[in-house]
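Chain letters run A, B, ... following the sequence lines, proteins first and then strands; every chain starts at 1.
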Amino acid sequence: MPELAEVEFYRKQWRRGLKQKILAVELHPGARIFRGADIAALRRALTGAALLNCAAHGKQLFFRFSGPAWLGLHLGLTGRLRVEPPRALPGRHDHLLLRQRGQCLVFSDPRQFGRVRFHRGRAPPPWRRNLPAPILSNLFTPAAMDRFLRRHARSPLKAVLLMQQGFPGIGNWMADEVLWRAGLLPSRPAGSLKPAEAKKLYRELRRVCRGALRTVARDNGDPPPAWLFHRRWRRGGQCPRDGAPLRRAQIGGRTTCWCPCCQKEGV
DNA sequence: TACAATGTTTTAAG
DNA sequence: CCTTAAAACATTGT
């Protein structure tokens, strides 16, 4: 599920627990999402601690607690964060519950591709440092994007857009949306773009991120009606721009949707 | 039934 | 050491 904007939406769910103490931590010790994490230390440190800060970076979520202690969450493909009444009972896929006075913060993930990380100490944990430049930050420059594209010059554009080291927060539907709006075939080698094409890719990339944040992150709703998003899974889906039947294929290991009419091979 | 699903990580090959 | 591609992970829904 979660790409950039959905992750931001889920961050805002748990944000409702800011400044409040964790009265109890409940978790499923064997759950796969805890792989590699020190569960005993997590439980010990967070019980009685206050949630001081929350931040989203691409698809990653960071929560800082008094102590100090850090919780890193990745939602994988099916992870969600929600807020329940204080005494709510955990459902089948609710693997982590942080009970507070006013509410209970819940992390659920049926498929468990998601992940929980824990770190104790004042300094930010290793997994919180040296993160790639956020796409909407001023560190994400056209030159930086071009460098990344050239570094993966032989891979299809679609696959490169999915790389979190270069495009943090971009996932399957956002990548298709960006390429559709930029008029670029997903199968184009990333190193084959002419300057004008790279410029267009950059602009549409930022536009899609902004648009998704404005709509999806607000209330977990849908992107704007004219976006490819609404047609891409539909059988017999048509291009919102020219009505041409959409094509689908596996590119970069993922199902990819594009319009053969307005997304062209370079000269 | 069999396959695919808004994602990473590991493994292996070039 | 770097890039690239494919398989693996676990569960649900069509």
Nearest-nucleotide wise, let me know which of A:Q250 and A:Q164 is further upstream toward the 5' end of DNA chain B.
A:Q250
Would you please confirm or rule out a distance under 4.0 Å between OP1 or OP2 of C:dC9 and any side-chain N or O of A:Q112?
no
Determine yes or no for a side-chain-to-main-chain donor-acceptor pair under 3.5 angstrom, with A:E3 supplying the side chain and A:W173 the backbone.
yes
Can you tell me which nucleotide in B:dT8, C:dT12, C:dT4 comes closest to the side chain of A:S155?
C:dT4
Which whole-number value in Å describes the distance from A:D109 CG to B:dT8 C1'?
12 Å
Ignoring the backbone of A:K59, work out which of B:dT9, B:dA5, B:dT8 is nearest its side chain.
B:dT8
Tell me what A:A153 touches on the nucleic acid: a base, only sugar-phosphate, or nothing, going by heavy atoms under 4.0 Å.
sugar-phosphate
Stacking check: are the rings of A:F113 and C:dC9 less than 5.5 Å apart at their centres and under 30 degrees in tilt?
yes
Rounded to whole Å, CG of A:L162 lies from P of C:dA5 at a distance of 13 Å
Need one value for A:R151: base, sugar-phosphate or nothing, where a base atom within 4.0 Å counts as base even if backbone is also close, heavy atoms only.
sugar-phosphate
OP1 or OP2 of B:dT9 sitting under 4.0 Å from any side-chain N/O of A:H74?
no
Across the strands shown, which category fits A:R92 at heavy-atom distances under 4.0 angstrom: base, sugar-phosphate, nothing?
sugar-phosphate
Check the phosphate of C:dT11 against A:H93, side-chain N and O only, distance under 4.0 Å to OP1 or OP2. Yes or no?
no
Of the listed B:dA5, B:dG7, C:dT4, the closest approach to the A:W233 side chain comes from B:dA5
Kindly point out which of B:dA5, B:dG7, C:dT3 is positioned nearest to the side chain of A:T255?
B:dA5
Picking from B:dG7, C:dT4, C:dT11, the nucleotide nearest the side-chain atoms of A:R154 would be C:dT4
Is there a Watson-Crick or G-U wobble partner for B:dG7 with both distances under 3.5 Å, and if so, which one is it?
C:dC9
Straight-line distance of A:T256 OG1 to A:R232 CZ, nearest 0.5 Å:
7.5 Å
Check for a donor-acceptor pair, side chain of A:W70 on one end and backbone N or O of A:G121 on the other, with a separation under 3.5 Å.
yes
Proximal nucleotide (of B:dT9, B:dG7, C:dT4) relative to the A:R254 side chain
B:dG7
How many angstroms lie between atom CG of A:L179 and atom CG of A:L201, to the nearest 0.5 angstrom?
6.5 Å
Rounded to the nearest Å, what distance is computed from the CD1 atom of residue A:I251 to the P atom of nucleotide B:dA4?
15 Å
Per A:P110 side chain, nearest of listed nucleotides B:dG7, C:dA5, C:dT11
C:dT11
Are A:Q250 and A:T255 close enough that a side-chain donor and a side-chain acceptor fall under 3.5 Å?
yes
Atom CE of A:M163 to atom P of C:dC2: distance rounded to whole Å?
14 Å
Report the distance from atom CZ of A:R111 to atom C1' of B:dC3, rounded to the nearest whole Å.
12 Å
Pairwise P distance, B:dT9 and C:dT12 [rounded to whole Å]
23 Å
